[in-house]
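Basis for what follows: all heavy atoms, side chains included, without hydrogens, waters or symmetry-related copies.
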Amino acid sequence: MTTPGSVLIVGASAAGLSTAEALRRQGHQGRLTLLDAEPHLPYDRPPLSKQVLAGDWEPSRAQLRTQAQLDALDAEFVRGEPAVFLDAAAREVRTATGRVLSADAVVIATGLTPCRLPGQRELAGVHELRGLDDALTLRAHLTAARRLVVVGEGVLGGEVAATARKMGLDVTLVGLGPAILADQLGGPASELLTRTHAERGVALRLGVAVRELTSAEGRVTGVRLATGELLPADAVVVAIGCRPATGWLEGSGLTLGDGVECDSRCRAAEGVYAVGDVASWLHEGLGRRLRLENRTNATEQAQIVAANVLGADRPYEPIPYFWTDQYDIKIQAHGLLSAAAEVSIAEGDPEQGRFAALYHENGQVTGVLGWNMAKQARVLRQQHLTARPVTA
Ligand SMILES: Cc1cc2nc3c(=O)[nH]c(=O)nc-3n(C[C@H](O)[C@H](O)[C@H](O)COP(=O)(O)OP(=O)(O)OC[C@H]3O[C@@H](n4cnc5c(N)ncnc54)[C@H](O)[C@@H]3O)c2cc1C
C-alpha cells in the first residue's frame with residue numbers, strides 16, 4: 001500500500017491516541033482525525049479502580065495528555081460522537097449524528113463493552129466500571145454505602161474489592177471461578193491472592209453463580225446466588241468481563257470473531273487496522289491468535305500499527321504483560337501464565353509477601369510472575385522469555 005494521505009482513528013483512548021502519536025513520530029504529515037464516543041479528554045483507565053475510586057487522585061490526574069500536548073499533535077478530535085457504521089472497502093465511517101468521515105486508512109481502537117447481568121441497567125445501585133463517569137458515580141455511591149457485593153473474581157473484581165475495603169465497606173466477592181484471578185495467574189498465586197482478600201476481611205463466595213439481583217422500588221437490595229443464599233447489598237459492582245466493542249462494525253465487511261480479526265500485521269482489510277483491546281491478531285511467534293486486554297499492549301501494538309499504516313510490513317509479536325495492584329500488593333505478569341503450568345519460586349518467599357515465580361510448560365518457561373518484586377521479575381523475563389518460544 002502507498003503511504004496514506006489521511007488517517008482516521010476510531011477510539012481515542014490509550015491505543016488510539018498512542019497510534020496517533022506514533023504516526024506523527026514516524027513521519028505522517030497528512031490529515032489525522034480521532035473520533036471518540038466520550039466527551040472527555042483522553043484518560044487512563046488503570047487508576048479508575050484504584051487511585052480515582054479510592055479518592056487518592058483528582059480525576060484530572062488520570063488524563064493521558066494535557067490540552068497543549070493534544071494540540072501539538074495537529075489532529076482533529078471529534079468527541080462525544082460514536083461511530084455507528086464502517087464501510088471497510090470505502091474506508092468510510094458514519095457517526096451517530098449522520099456525519100460521514102473517510103480516510104485513506106482507518107484504525108479501529110474502540111476497546112471493550114462491559115458484560116451485564118439481566119436487568120442490571122434498570123436498577124439503581126448496580127454499577128459497572130469501564131469509564132471515568134462510572135468511576136465517579138461508583139465512588140460517590142461507595143462513600144455513602146455500607147454493604148458492597150462485587151460480582152466477578154477477575155482483575156477488576158479483585159481491585160474494586162480491595163479499594164472498597166480500604167474505604168471501609170463490608171465487601172462480599174462472588175465468582176464462578178475457584179479463586180481470584182485463577183485464569184490469569186494460575187494456582188498458587190491466585191490462591192495466595194484469594195487468602196489475602198479473606199485476611200483483609202472480604203467475604204468470599206467462589207465457585208458459585210449469581211441467580212438474580214433482588215430489588216425494591218427500583219433499587220438493588222441484594223444478590224441471590226444459585227445456592228439460594230441472599231447477600232444483602234446497598235451497592236453492587238458487576239465485573240464479569242467485557243466484549244470487544246464491535247457492534248458498530250456489523251455489516252462492515254470485516255471478520256468479527258473475538259474482536260476484529262486481523263492478520264499478523266494487525267490489518268483487518270486493505271487500509272483498515274485494529275489496535276488495543278478490540279484487536280484479535282495472529283501472533284506469529286506463538287503461532288496462534290491473541291487478543292490482549294491490558295494497558296501495555298495498547299501502547300506497544302500502536303507502534304506497530306502506525307508503522308504498518310505507513311507502509312512497513314512488521315508482525316506484532318509482543319511478550320504479553322499486565323499488572324494489577326490490590327491492597328499493598330503489586331503483581332506483574334509477563335508472558336503466558338496458564339493455570340496448567342508448573343510454578344517454581346525463583347526468588348523471595350510467598351509467606352513473606354515478596355517473590356518472583358517462573359511458570360513452566362512443556363519443559364520451557366512460558367511466564368514470569370512478580371509479587372512485590374517488579375525488578376526481579378523484569379530480570380527473569382529478560383533471562384527466560386522470548387516472543388518466539390521453541391514450541392511455536
Ligand atoms: C477500571 C480499569 C482498570 C484497569 N487496570 C489495569 C491494570 O491495572 N493493568 C493493565 O494492564 N490494564 C488495566 N486495565 C486495562 C487497560 O486500561 C486497557 O487495556 C486499555 O485501556 C485498552 O485501551 P484501548 O484504547 O484499546 O481501549 P479503551 O481504553 O477501552 O478505549 C476505547 C475508546 O473507544 C471509544 N469507543 C468505543 N466505541 C466507540 C464507537 N462506536 N465510536 C467511537 N468511539 C468509541 C471509547 O469511548 C474509548 O474511549 C484496566 C481497565 C479498566 C477499565
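With sequence neighbours excluded, no residue satisfies salt bridge (charged side-chain N to carboxylate O under 4.0 Å, His left out) with Glu342. With sequence neighbours excluded, the residues that form a salt bridge (charged side-chain N to carboxylate O under 4.0 Å, His left out) with Asp277 are Arg130. Under the salt bridge (charged side-chain N to carboxylate O under 4.0 Å, His left out) criterion, Asp234 pairs with no residue, sequence neighbours left out. Every salt bridge (charged side-chain N to carboxylate O under 4.0 Å, His left out) that Arg200 has, sequence neighbours left out, goes to Asp328. Among residues two or more places apart in sequence or in another chain, the side-chain contact (heavy atoms from CB on, under 4.5 Å) test is passed with Asp44 by Pro46, Pro47, Leu64, Arg295.
Screening residues 115-125 for salt bridge (Lys or Arg N to Asp or Glu O under 4.0 Å), with sequence neighbours left out, gives Arg116-Glu128. Among residue pairs with one or both ends in residues 57-76, none qualify as ring-ring contact (aromatic ring centres under 6.0 Å, His included); sequence neighbours excluded. Pairs passing the salt bridge (Lys or Arg N to Asp or Glu O under 4.0 Å) check and including a residue from residues 251-266, sequence neighbours excluded, read Asp258-Arg291, Asp263-Arg267, Arg265-Glu284, Arg265-Asp313. Evaluation of the ring-ring contact (aromatic ring centres under 6.0 Å, His included) test over residues 148-192, restricted to residues two or more places apart or in two chains, returns none. Judged as a salt bridge (Lys or Arg N to Asp or Glu O under 4.0 Å), the pairs with a partner in residues 150-161 (not counting sequence neighbours) are, in order, Lys50-Glu159. Among pairs with a residue in residues 52-72, those fulfilling salt bridge (Lys or Arg N to Asp or Glu O under 4.0 Å) read Glu21-Arg65, Asp56-Lys166, at least two apart in sequence or across chains.
Shortest non-hydrogen contact noted between Thr221 and Ser215 is OG1-N, 3.3 Å. Scanning both residues, Leu34 and Ala12, for their nearest heavy atoms gives CD2-CB, 3.8 Å. Taking each heavy atom of Tyr43 and Ser13 in turn, the nearest pair found is O-OG, 3.8 Å. Nearest approach of Asn372 to Gly353, heavy atoms of both residues: ND2-O, 3.2 Å. Across every non-hydrogen atom of Arg165 and Val202, the tightest pair is CG-CG2, 3.5 Å. Taking every heavy atom of both residues into account, Val236 and Ala233 meet most closely at CG2-CB, 3.9 Å.
Linking ILVMFWY side-chain heavy atoms closer than 4.5 Å, directly or via other members, places Leu192 and Leu369 in a single hydrophobic cluster. Side-chain heavy atoms closer than 4.5 Å link hydrophobic residues (I, L, V, M, F, W, Y) into clusters, and following such links, possibly through other members, connects Leu117 to Val208. Tracing side-chain contacts under 4.5 Å through hydrophobic residues (I, L, V, M, F, W, Y), one reaches Val107 starting from Leu73; they form part of the same cluster. The same ILVMFWY cluster, assembled from side-chain heavy atoms under 4.5 Å apart, contains both Val210 and Val238. Two different hydrophobic clusters hold Ile304 and Ile108 under the rule that ILVMFWY side chains link at heavy-atom gaps under 4.5 Å.
The residues Lys330 and Asp325 are annotated as salt-bridged, a charged nitrogen and a carboxylate oxygen being separated by less than 4.0 angstrom. Checked for salt-bridge contact, Glu191 and Arg195 miss the test: no charged N lies under 4.0 Å from a carboxylate O.
For the pair Asp36 (side chain) and Arg79 (backbone), a donor-acceptor distance under 3.5 Å is absent. The backbone N or O of Tyr316 sits less than 3.5 Å from a side-chain atom of Trp281, completing a donor-acceptor pair. Between the Gln301 side chain and the Gly276 main chain, a donor and an acceptor come within less than 3.5 Å of each other. With hydrogens and angles disregarded, no donor-acceptor distance shorter than 3.5 Å links the side chain of Thr19 to the backbone of Ala306. The backbone N or O of Gly348 lies less than 3.5 Å from no partner atom in the side chain of Arg354, so there is not a single donor-acceptor pair. Between the Ser190 side chain and the Leu185 main chain, no donor and acceptor come within less than 3.5 Å of each other. Gln303 places a side-chain N or O within 3.5 Å of a backbone atom of Thr299 that can act as its donor or acceptor partner. Without hydrogens or angle criteria, Thr246 side chain to Gly259 main chain gives no donor-acceptor distance under 3.5 Å. The main-chain N or O of Ala15 is never found under 3.5 Å from a side-chain atom of Ser18 such that the two would form a donor-acceptor pair. In this structure, Asn308 contributes its side chain and Val305 its backbone to no donor-acceptor pair below 3.5 Å.
Between the side chains of Arg378 and Gln332, no donor N or O sits under 3.5 Å from an acceptor N or O. In the model, Thr137 has no side-chain atom that pairs as donor or acceptor with a side-chain atom of His127 under 3.5 Å. Checking Thr214 against Arg224 by side-chain atom types alone, no donor-acceptor pair falls below 3.5 Å.
For the pair Phe355 and Asp349, the minimum side-chain heavy-atom distance is 4.5 Å or more. Using a 4.5 Å heavy-atom cutoff, the side chains of Thr3 and Asp104 are not in contact. Under the 4.5 Å side-chain criterion, counting only non-hydrogen atoms from C-beta, Val260 is not in contact with Val272. Side-chain atoms of Trp323 and Thr296, non-hydrogen and from C-beta on, do get closer than 4.5 Å to each other. With a 4.5 Å cut-off on side-chain heavy atoms, Leu336 and Pro320 count as touching.
Of the inter-residue distances, the one linking Leu249 atom CG with Thr110 atom OG1 reads 6.0 Å to the nearest 0.5 angstrom. Here SG of Cys262 is found 8.0 Å from CG of Leu254. Values are rounded to the nearest 0.5 Å. Summarising the geometry, atom CZ belonging to Arg139 is positioned 13.0 Å from atom CG belonging to Leu48; distances are rounded to the nearest 0.5 Å. Taken from CG in Leu156 to OG1 in Thr324, the straight-line distance is 9.0 Å, to the nearest 0.5 Å. A distance of 8.5 Å separates CG of Leu358 from CD of Gln383, quoted to the nearest 0.5 Å. Rounded to the nearest 0.5 angstrom, Arg31 CZ and Asp74 CG are separated by 12.0 Å.
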Would you mind writing out the side-chain donor-acceptor pairs for residues 82-90 within the sub-3.5 Å range, not counting sequence neighbours?
unit_1 : atom_1 : unit_2 : atom_2 : d
Asp87  : OD1    : Ala89  : N      : 3.2
Asp87  : OD1    : Ala90  : N      : 3.2

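Within a 6.0 Å sphere centred on CD of Gln67, heavy atoms belonging to other residues, nucleotides or ligands number more than 12.
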